[in-house]
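No experiment lies behind these values; they were computed from the predicted model shown.
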Amino acid sequence: MTETQTENRAYITLKMLRKWGACQDGKSWFSDKFPQGAEYGDVISALYADKRYDDARWLARNVFDKAFSSEIVVSDVNAVIALTADAEADSDNSGDSAQIGSSGDGARIGSSGNYVRIGSSGDSAQIGSSGYGAQIGSSGKYAQIGSSGYGAQIGSSGKYAQIGSSGDSARIEATGENAVVACSGRFAKVKLGKGGNACLNWHDGKRVRFVPLYEGEDGIKAGVWYELNSSGSPVEVEAA
């Protein structure tokens, strides 16, 4: 394995799977398929090609829980787009665990199912999801992303993204320049890029109050995860 692969958090190895507690069957499949390890997106694509859907969901959950980063977002977006690029568009995206991908500009994507994975690489995408546990990735500029389900994981690397989330426990990584993030759900975690700003909320015991975060002001740094503590002050967290 090269030094670059070792440092790339989107690169999956058998050692990582052992550490995360993967089942023996899953480890054997991975070892046979990718003896030297592989990019996360390649592993996800292979799992779906072999109809190992439960393993794919397990891997996605563990990667986002333990190594969620902009590298993972881009890899996941590309994997979802590759899986759906040659398929006819489905107008009904209400089913659970749907895989939705788009590479064109101006895409409008909506989903009401739980645990969906939505990827978009085109500019000016409009993405909406209301189901629980959604994983949404966008790498294009001017994306507008809205999520109302609990436990959403949202990643955007394009400039000028506008992201809104009303579900609890959202994890939002907006690493593109000048992104705007608004969270009305509780227990949100956010990471901003240069010029980004976010609004998180907390309950002071009497009412909900909103707290703005501006990258470059009041100690808020780009590339760092933040959440609000019990007093409503932003604090750094090591991982989302």
Got a second to check how far Cys183's SG is from Leu228's CG, nearest 0.5 Å? 9.5 Å
Within the 3.5 Å criterion, strictly below it, is a donor on Asn229 or Trp202 matched to an acceptor on the partner's side chain? no
On a heavy-atom basis, which atom in Ala125 and which in Ser120 lie closest, and how many Å separate them? CB-OG, 3.4 Å
Could you tell me whether Lys221 and Glu236 have a side-chain N and a carboxylate O separated by less than 4.0 Å? yes
Are Phe187 and Val190 grouped together when hydrophobic residues (ILVMFWY) are joined by side-chain heavy atoms under 4.5 angstrom apart? no
Which pair of non-hydrogen atoms, one from Asn114 and one from Gly131, has the smallest distance, and what is that distance? OD1-CA, 3.5 Å
Begin from the C-alpha positions of Asp25 and Arg52 and carry the test side-chain contact (heavy atoms from CB on, under 4.5 Å) through to its verdict. CA-CA 11 Å; Asp25 181 58; Arg52 300 179 69 97; 2.7 Å; yes
I'd like to know if Lys27 pairs up with Asp55 as an ion pair, taking the criterion as any Lys NZ or Arg NE/NH1/NH2 lying under 4.0 Å from an Asp or Glu carboxylate oxygen. no
Give the minimum heavy-atom separation between Leu192 and Glu215, together with the two atoms involved. CD1-N, 4.4 Å
Given the rule that I, L, V, M, F, W and Y join up when any side-chain heavy atoms are under 4.5 Å apart, are Val181 and Tyr142 in one cluster? no
So, do Tyr11 and Asp42 sit near enough that their side-chain heavy atoms are less than 4.5 Å apart? no
Side chain to side chain contact (heavy atoms under 4.5 Å, CB included), paired with Ser157, selected from Ser139, Ser138, Ser121: Ser139
For residues Leu213 and Cys199, determine if any side-chain heavy atom of one lies less than 4.5 Å from a side-chain heavy atom of the other. no
Nearest non-hydrogen partners of Phe30 and Ile12, listed with the distance: CZ-O, 3.4 Å
Determine whether a donor-acceptor pair (N or O, by modelled atom type, separation under 3.5 Å) exists between the side chain of Tyr150 and the backbone of Gly133. no
Any heavy-atom pair between the side chains of Ser124 and Asp105 that's under 4.5 Å? no
Any idea which heavy atoms bring Gly128 and Ile118 closest together, and the distance? O-CD1, 4.5 Å
Flag if over 12 foreign heavy atoms under 6.0 Å of CZ, Phe210: yes
If two hydrophobic side chains count as joined below 4.5 Å and joins carry through other members, does Ile163 share a cluster with Val180? no
I'd like to know if Lys194 and Glu177 make a salt bridge, using a cut-off of under 4.0 Å between side-chain N and carboxylate O. no
Euclidean distance, Lys33 NZ relative to Leu47 CG, rounded to 0.5 Å: 9.0 Å
Is there a continuous path of hydrophobic side-chain contacts, each under 4.5 Å between heavy atoms, that joins Val211 to Ile172? yes
Between CZ of Arg186 and CD of Glu227, what distance do you get to the nearest 0.5 Å? 14.0 Å
Side-chain donor/acceptor of Asn201 to backbone N/O of Ser184, under 3.5 Å: yes
Gap separating the CD atom of Glu173 from the NZ atom of Lys191, nearest 0.5 angstrom: 4.0 Å
Give the ring-plane orientation class for Phe34 versus Trp29, where under 30° counts as parallel, over 60° as perpendicular and anything between as tilted. perpendicular
Cluster question for you: counting only ILVMFWY and a side-chain heavy-atom cut-off of under 4.5 Å, with indirect links fine, are Tyr115 and Leu59 together? no
Hey, what do you get for NZ (Lys141) to NZ (Lys159), rounding to the nearest 0.5 Å? 6.5 Å
Counting only heavy atoms from other residues, nucleotides and ligands, does the tally under 6.0 Å from CG of Asp218 exceed 12? no
What's the spacing between Asn197 CG and Ile220 CD1 if we round to 0.5 Å? 11.0 Å
Minimum heavy-atom separation for Gly140 to Asp123, with atom names? CA-OD1, 3.6 Å
